[in-house]
> 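First, the structure itself, so that you have it in front of you.
Values in this document were obtained by computation on a predicted structure and should not be read as measured data.
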Amino acid sequence: FVCVPCKKGSESNIGKPIEHYIKGNLGAGQAAACKKGLDQLQRLRNDILAKLDDSHESTIKLIVTYCDLLEGLEQRIPLTNQDIPIAFKWYDCFSGSSKMFKSSMKGYSAGFDRCCMLFNCAAAHSQVAKNQQISDDAGLKTAVKSFQTSAG
């Protein structure tokens, strides 16, 4: 079977700019109340970046959780270049193995980061499918389900 590699991403400081925006628009009390949740979101993103090569269903769950949290956050505050510019840098997964020679793209909206994460979710599903033992029924069923999920 053929699988798609995950995109590699660079760490981004997402907590501080959001906290600064909340502090400026909603007050220091709201910013302090949100700090713990923003730190958890930052740790979740960093954990995902560290585990993208694992090809495991637990990585898929982390990605889905992160995307859900980010989408919920976007509904409450504007995570765009104009309001809260956060640089999200992602590398092309099809242009070599070294970050030095890979082409990269930088986006400044949470939608860009979420889009790259969703790509990685589909890629991780294809990797899970590829790693199944298709000689037995359970492995074949898991592979088929994972490939179908990967395809959308």
> Evaluate the side-chain proximity of Asp113 to Arg45: yes if any heavy-atom separation is below 4.5 Å, no if none is.
yes
> Between Asp39 and Lys35, does any side-chain N to carboxylate O distance fall below 4.0 Å?
yes
> Apply ring-ring contact (aromatic ring centres under 6.0 Å, His included) to Phe147 and list each qualifying residue two or more places apart in sequence or on a separate chain.
Phe1
> Where the side chain of Thr59 meets the backbone of Leu52, is there a donor-acceptor pair that is under 3.5 Å apart?
no
> Go through the structure and list residues passing side-chain contact (heavy atoms from CB on, under 4.5 Å) with Asn81, not counting sequence neighbours.
Pro85, Tyr108
> From Thr142 OG1 over to Asp137 CG, what is the distance, rounded to the nearest 0.5 angstrom?
10.5 Å
> Quick one: closest heavy-atom pair of Asp136 and Gln133, and the distance?
OD2-O, 3.4 Å
> Got Gln40 and Lys36 here, is their nearest side-chain heavy-atom distance under 4.5 Å?
yes
> Under 3.5 Å, side chain of Glu57 to main-chain N/O of Ala124, donor-acceptor pair present?
no
> Which heavy atom of Cys6 sits nearest a heavy atom of Cys93, and at what distance?
O-CB, 3.5 Å
> Should Leu44 and Leu49 be regarded as members of a common hydrophobic cluster, given that ILVMFWY residues are connected when their side-chain heavy atoms come within less than 4.5 Å of each other, either directly or indirectly?
yes
> Given Ile134 and Val144, is the side-chain contact (heavy atoms from CB on, under 4.5 Å) satisfied, shown in steps?
CA-CA 9 Å; Ile134 58 170; Val144 168; over 6 Å; no
> Kindly give the heavy-atom pair with the smallest separation between Lys89 and Ser12, and that separation in Å.
N-OG, 4.4 Å
> When you measure from the side chain of Gln42 to the backbone N and O of Ile14, does any donor-acceptor pair fall under 3.5 Å?
yes
> Please give me the minimum heavy-atom distance between Asn120 and Lys7, naming the atom from each residue.
OD1-N, 2.6 Å
> What's the shortest heavy-atom distance between Gly139 and Gln132, and which atoms?
O-CB, 3.4 Å
> Going by heavy atoms in the side chains, are Ser10 and Lys106 under 4.5 Å from each other?
no
> Work out which heavy atom in Asp83 is nearest to a heavy atom in Tyr21; give both atom names and the distance.
O-CD1, 4.1 Å
> Rounded to the nearest 0.5 Å, what separates atom CD1 in Ile18 from atom CG in Asn13?
9.0 Å
> Rounded at 0.5 Å granularity, tell me how far NZ in Lys145 sits from NZ in Lys141.
12.0 Å
> Linking I/L/V/M/F/W/Y whenever any side-chain heavy atoms sit under 4.5 Å apart, do Phe119 and Phe112 land together?
no
> Leu79 versus Leu70: any side-chain heavy-atom pair under 4.5 Å?
yes
> Let me confirm one number: the CG-CG distance from Leu62 to Asp54, rounded to the nearest 0.5 Å.
9.5 Å
> Under the rule for side chain to side chain donor-acceptor pair (under 3.5 Å), what residues qualify as partners of Ser58, not counting sequence neighbours?
His56
> Between Ser126 and Val4 (side chain of the first, backbone of the second, donor and acceptor by atom type, cut-off under 3.5 Å), is there such a pair?
yes
> Quick check for you: to the nearest 0.5 Å, what is the distance between Ser104 atom OG and Trp90 atom CH2?
12.5 Å
> Should Phe88 and Leu69 be regarded as members of a common hydrophobic cluster, given that ILVMFWY residues are connected when their side-chain heavy atoms come within less than 4.5 Å of each other, either directly or indirectly?
yes
> If I take atom SG from residue Cys121 and atom CD1 from residue Ile48, how far apart are they, to the nearest 0.5 angstrom?
9.5 Å
> Ignoring hydrogens and geometry, is there a side-chain-to-backbone donor-acceptor pair from Ser150 to Ser146 under 3.5 Å?
no
